[in-house]
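Written out below as structure tokens is the structure these notes cover.
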Amino acid sequence: MTTALIAACLFFVVSSGVSGPVAAEPDVPQAEPDARIAWWDEARFGMFIHWGLYAIPAGVWDGAPVPGVGEWIMHHGRIRPAEYEPLKDRFNPTEFDAEAWVGLMKDAGCRYFVITTKHHDGFALFRSDASDYDIASTPFGAGNGRDIMRELADAARRAGIRIGWYHSIMDWHHPDYLPRRAWDDRPAEEADFERFKQYLHAQVHEILTNYGPIDILWFDGEWEDTWTHADGVELYDLCREISPGTIINNRVDKGRRGMMGMTAEMDGDFYRGDFGTPEQEIPATGCGPGVYWESCMTMNDSWGFKTGDTNWKSSTTLVRNLIDTASKGGNYLLNVGPDAAGRIPEASEERLRAMGDWLAINGESIYGTDASVFPRLAWGRSTTRTMDDGNTAIYLHVFDWPEDGRLLVPGLENRVLSVRGLHRDRMIRVAGAERSPNGVVVLLNADAWDPHACVIEMVVEGRPRVDADKADLASRVRAGDDGVLRLQPAEATIEGHGPRLETQHGEANIGYWANADASVVHRFVVDHAGRYGIEIRYALAPDSAGSAVALVFRGADGTERRVAFEPESTGAWSAFRTVHAGQVDLPAGRVDLRVVPQAKPGQAVINLGPITLEPDA
Ligand code: FHN
């Protein structure tokens, strides 16, 4: 980079006039991360790998497609162990290449991986003295000593990638595991769950001691009643004793609150587990310092390989999920499902490489950062990094580029010391920053330079100070020049777990809304009080799948106005329709709209798209 360019990068000095009161910074207590988990709390991005015998049928059994995720084919296909388990005689992934897999992890910017050593089907992807239902009993491992865990662990260590083992407690193979699946006709009278626990402990001991130091143990399948809190405590303590440096997720015990994944409180005791595990969703807000969590997500719809699963998330969605997770102080565990030959699907590899390219330029705004200091940002996300000199780097991840080139950082009170775009060998796009009544405005002097997210580093003096009221006001949606308020799904926040932003054939919506206790919230500002017509765009499958909702408009003075909306079927969860949903008299100023289910839905409330509020002529 030429001297001139460096000067341009550091263009911003006191002359820009952005300075503010340099009050003594309140010493906000920062939880010192436990030494064991500190590396993980900085890593931010890992690769999940679901691989096993289920990759052979790949979602098809007896020539017919089996619904649901690929690794659950025994369940969804009601396949008895005697029919399923001979698959091991066909498991011969001749194209499995641990070096190539680890190389892709590196290229993707993943700092660790977690692979299924044993999923619910009970098959051990490793050589086990406790079972002959293992890799040693397959054409891949028979007579040659090959071991998937061994090859991956060795390759990962050579590459400096941390190692995680997924291990399912639930086991559809072992005769002592209870409860039996409904279709499993093996007698259960002789089943001894204590004997199963000894088997489980024996295999956990193997995966923790046979492959060198293991960084993460990722349990799953803890939800059935036969597994108790006492069993979870015993297993957690066993793992800590065998391998003190290994971090263990909260699915070892019984405290995980469903798919939202965080650990419940307990009177007089506590549920074990070092980090929470939201699944297929990212918490609406952060969980505060010292609360460790990781959102795990598929790249398409299935964890295990399924031939027909082509509902791939875009690379932009995946990059923005990573940013969103980091902006809330969590990690992103993104899944790949290799096929029976040991190949990672091309669509997965393509997306992972796109993420790696983005991280190669912008990684400093993700790795080792802390959560955003802003409640919400209308144009994107933010992360922070406390610098050695006590100042703070605030990273601005811009998803929606401001047309006027003025990016408001709402409510920020600190003096800005420098501002620059994170990019290399490209024209500088940041012209400085100036103070505004609502915070700091970053001046951008060119078009957006990255379709996924443009990142700007803004260094401020001391610890960030944010006027929460100004930040809230600035983050709210405002009407366009036509006076219409357009409330987009991507700008909503979700209260409660379950619903999440998704796309159905390109239509962004809040989907997976199976939890009637969860609400969708839009926050906006009404410039002109008056009557507004309400239009809702949504999709709803037939057969009373959904639920009526109440549109609850709450003004700044606490006054509420409720509008009932009874959605009719649109024919499918992907068939969107825009309907008139009534009228509402709105006050000027800040208004919160909560979309509140009125009954438990059949499958899900609705797939909620944009809501439009149009002033009566
Ligand atoms: O049942 C498993 C599922 O197959 C998959 O492994 C996910 C990944 O976290 N965990 C369970 C569902 O919550």
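Only this structure's heavy atoms are used, side chains among them; waters, hydrogens and symmetry mates stay out. Because the structure is predicted, anything quoted here is derived from the model rather than measured. Indexing begins at 1, ligand by ligand and atom by atom, following the structure's order.
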- Item | Cation over ring face, R195 and F193, 6.0 Å, 45° | no

- Item | Region of H75 engaging ligand 1 - heavy atom pairs below 4.0 Å | neither

- Task: May I ask you to decide if F123's main-chain N or O and D121's side chain share a donor-acceptor pair within less than 3.5 Å?
- Result: yes

- Taking the side chain as every heavy atom from C-beta outward, state whether T209 and I242 have any atom pair closer than 4.5 Å. yes

- Item | Close N or O approach (W303, ligand 1; < 3.5 Å) | no

- Query: Less than 3.5 Å between some nitrogen or oxygen of W218 and one of ligand 1, yes or no?
  - Reply: no

- Note on the structure: Quick look: Y54 vs ligand 1, heavy-atom contacts under 4.0 Å, and the answer is neither

- Note on the structure: atom 6 (O) of ligand 1 has as its nearest protein heavy atom H50 NE2, 2.7 Å

- Task: Output the list of atoms in ligand 1 that are nearer than 4.0 Å to some heavy atom of C296, sorted by atom number.
- Result: 9 (O)

- Nearest protein heavy atom with distance in Å, relative to atom 7 (C) of ligand 1: E279 OE2, 3.4 Å

- Query: Is D220 paired with R251 through a side-chain N to carboxylate O contact shorter than 4.0 Å?
  - Reply: yes

- W358 (side chain) donor-acceptor with A453 (main chain) under 3.5 angstrom: yes

- Message: Please find the pair of heavy atoms, one from F219 and one from V204, that lie closest to each other, and give the distance.
- Response: CE2-CG2, 3.9 Å

- Considering only protein heavy atoms, which is closest to atom 3 (C) of ligand 1, and at what distance to one decimal place? E71 OE2, 3.4 Å

- Contact atoms of ligand 1, heavy-atom distance to R251 under 4.0 Å: 9 (O), 10 (N), 13 (O)

- Item | Minimum-distance protein heavy atom relative to atom 10 (N) of ligand 1 | D220 OD2, 2.6 Å

- Distance-only side-chain donor-acceptor flag, N335 / H50, under 3.5 Å: yes

